[in-house]
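Let me begin by presenting the structure, written as structure tokens, before commenting on it.
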Amino acid sequence: MKMKAESAAGPVPIEHRFEDRMSLDWGLAADLAGAIRARLAEAERATLVVSGGSTPREMLGLLASADLDWSRVDVTLADERRVPASDPASNAAMVRRTLLVERAAAARLVPLERNDADPEAGLAAAEAALGDLSWPAAAVVLGMGTDGHFASLFPAMEGLEAALALDAPNRLVAVPGLAGREPRISQTLRSLLDCRRFVLHIQGEEKWRIMEAARTSGAVDGLPARALFRQRTRPLDVYWAP
């Protein structure tokens, strides 16, 4: 079910509320397939940006069976941990297990972590690889943490303001490993907004409350997801189920 909600902070988000998580996964997978199909109708290749974590796994598995010309689709990530590709914590590894199977096995994965001995060289290589993709992306699918972070843009992290700037010069930023987190790589908000469909995919009552808080005014360093609602570059589609 789709419905619009009031917002005082920015453009009105489009809410897609489902009765349960299975319906949400099917609905979002179908909508993403449509977005990719529309992009392929006008461009030689289509880019899909997805997120890690547990929330998108079932949805990505459903998307994998979509009847698309997956050989013309490039899949990349909103963010990544700086761990080997074989590490269970790797978002790229999760995408390989869940999305790059069945029909979608023909898609090309463009990872962010290059496991380079020189982290700066690896970041530069990933930046160049993203620059070679077909933009705007067909869709960008983000998750949100209970602390209000999206991608790997965390509250009060060093460089957060620059990473959220709509005129950020780079697509990627290095995220230091703090409070027990591994160092990470994240796309900037400017890069994530370079898309046709801009999606926030969340589940559960707690995430809904955090999303509602993000729509109110306040400092983005306390709740980075507020930047998703303040930007006026792309409409935000919120997909949610209890």
Side-chain angles (χ1 to χ4, degrees), residues 45-53 56 73-100 107-145 147-195 198 219-228 231 233-234:
R45 299 193 66 80
T47 300
L48 173 65
V49 180
V50 298
S51 297
V73 178
D74 296 311
V75 179
T76 193
L77 292 149
D79 67 312
E80 181 60 281
R81 296 172 177 85
R82 304 206 85 157
V83 297
S86 58
D87 193 299
S90 165
N91 288 338
M94 184 275 287
V95 169
R96 288 190 182 95
R97 291 192 304 269
T98 58
L99 177 60
L100 300 188
R108 181 173 71 119
L109 178 64
V110 180
L112 301 184
E113 173 53 43
R114 300 306 171 108
N115 299 127
D116 198 288
D118 179 352
E120 288 302 315
L123 185 67
E127 179 89 28
L130 286 193
D132 288 339
L133 297 181
S134 176
W135 300 96
V140 168
V141 187
L142 299 173
M144 182 185 67
D147 60 356
H149 83 268
F150 64 93
S152 280
L153 305 180
F154 293 94
M157 72 174 231
E158 182 180 350
L160 178 62
E161 182 177 356
L164 293 177
L166 298 182
D167 59 352
N170 299 321
R171 287 191 175 275
L172 295 174
V173 293
V175 180
L178 299 173
R181 294 193 301 262
E182 307 95 333
R184 302 183 184 212
I185 298 170
S186 180
Q187 289 200 47
T188 61
L189 178 58
R190 189 272 293 180
S191 183
L192 294 167
L193 286 168
D194 191 1
C195 63
F198 193 49
V220 295
D221 59 352
L223 203 62
R226 285 184 174 133
L228 303 178
Q231 58 80 28
T233 303
R234 288 285 177 270

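Numbers here simply count residues along the sequence, with the first being 1.
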On a heavy-atom basis, the closest approach of D147 and P155 is O-CG, 3.3 Å
Could you go through residues 121-142 and list every donor-acceptor pair under 3.5 Å that involves a side-chain atom there, pairing it with any protein atom two or more places apart or in another chain?
from : atom 1 : to   : atom 2 : distance (Å)
E127 : OE1    : R171 : N      : 3.4
E127 : OE1    : L172 : N      : 3.0
E127 : OE2    : R171 : N      : 2.7
S134 : OG     : R39  : NH2    : 3.2
S134 : OG     : R45  : O      : 3.1
W135 : NE1    : L130 : O      : 2.7

With side chains defined as the heavy atoms from C-beta onward, is the minimum distance between V49 and T47 less than 4.5 Å? yes
Do side-chain atoms of R190 reach the backbone of Q187 as a donor and acceptor pair under 3.5 angstrom? no
What one should report as the nearest heavy-atom pair of S51 and G143 is OG-N, 3.6 Å
Where A162 and A168 come nearest, the two heavy atoms and their spacing: O-CB, 3.7 Å
Where T188 and N170 come nearest, the two heavy atoms and their spacing: OG1-O, 3.0 Å
Between the CZ atom in R184 and the CG atom in L77, the distance rounded to the nearest 0.5 Å is 12.0 Å
Are L153 and L164 close enough that some pair of their side-chain heavy atoms sits under 4.5 Å apart? yes
Closest heavy-atom pair and its distance - R234, L193: CG-O, 3.4 Å
Residue pair L192 / A78: nearest heavy atoms and the distance that separates them: CD2-CB, 4.0 Å
Salt bridge (Lys or Arg N to Asp or Glu O under 4.0 Å) pairs, two or more places apart, involving residues 82-94: R82-E113
Measure the shortest side-chain to side-chain distance between V95 and V50 over non-hydrogen atoms and say whether it is less than 4.5 angstrom. yes
Please name all residues satisfying side-chain contact (heavy atoms from CB on, under 4.5 Å) with P56, sequence neighbours left out, ordered by chain then number. M59, L60, M94, H201
Assess whether side-chain contact (heavy atoms from CB on, under 4.5 Å) is satisfied between R108 and V75, documenting all intermediate values. CA-CA 6 Å; R108 181 173 71 119; V75 179; over 6 Å; no
Compute whether any side-chain donor of one residue and acceptor of the other, for S186 and D79, lie under 3.5 angstrom apart. no
How would you list all residue pairs meeting side chain to side chain donor-acceptor pair (under 3.5 Å) that involve residues 91-100, not counting sequence neighbours? R81-N91
Distance in Å, L189 CG paired with F150 CZ, rounded so as to fall on 0.5 Å steps: 5.0 Å
L99 CG to L48 CG distance, which is reported to the nearest 0.5 Å: 7.0 Å
Ring pair (Phe, Tyr, Trp, His ring centres under 6.0 Å) partners for F154, two or more places apart: H149
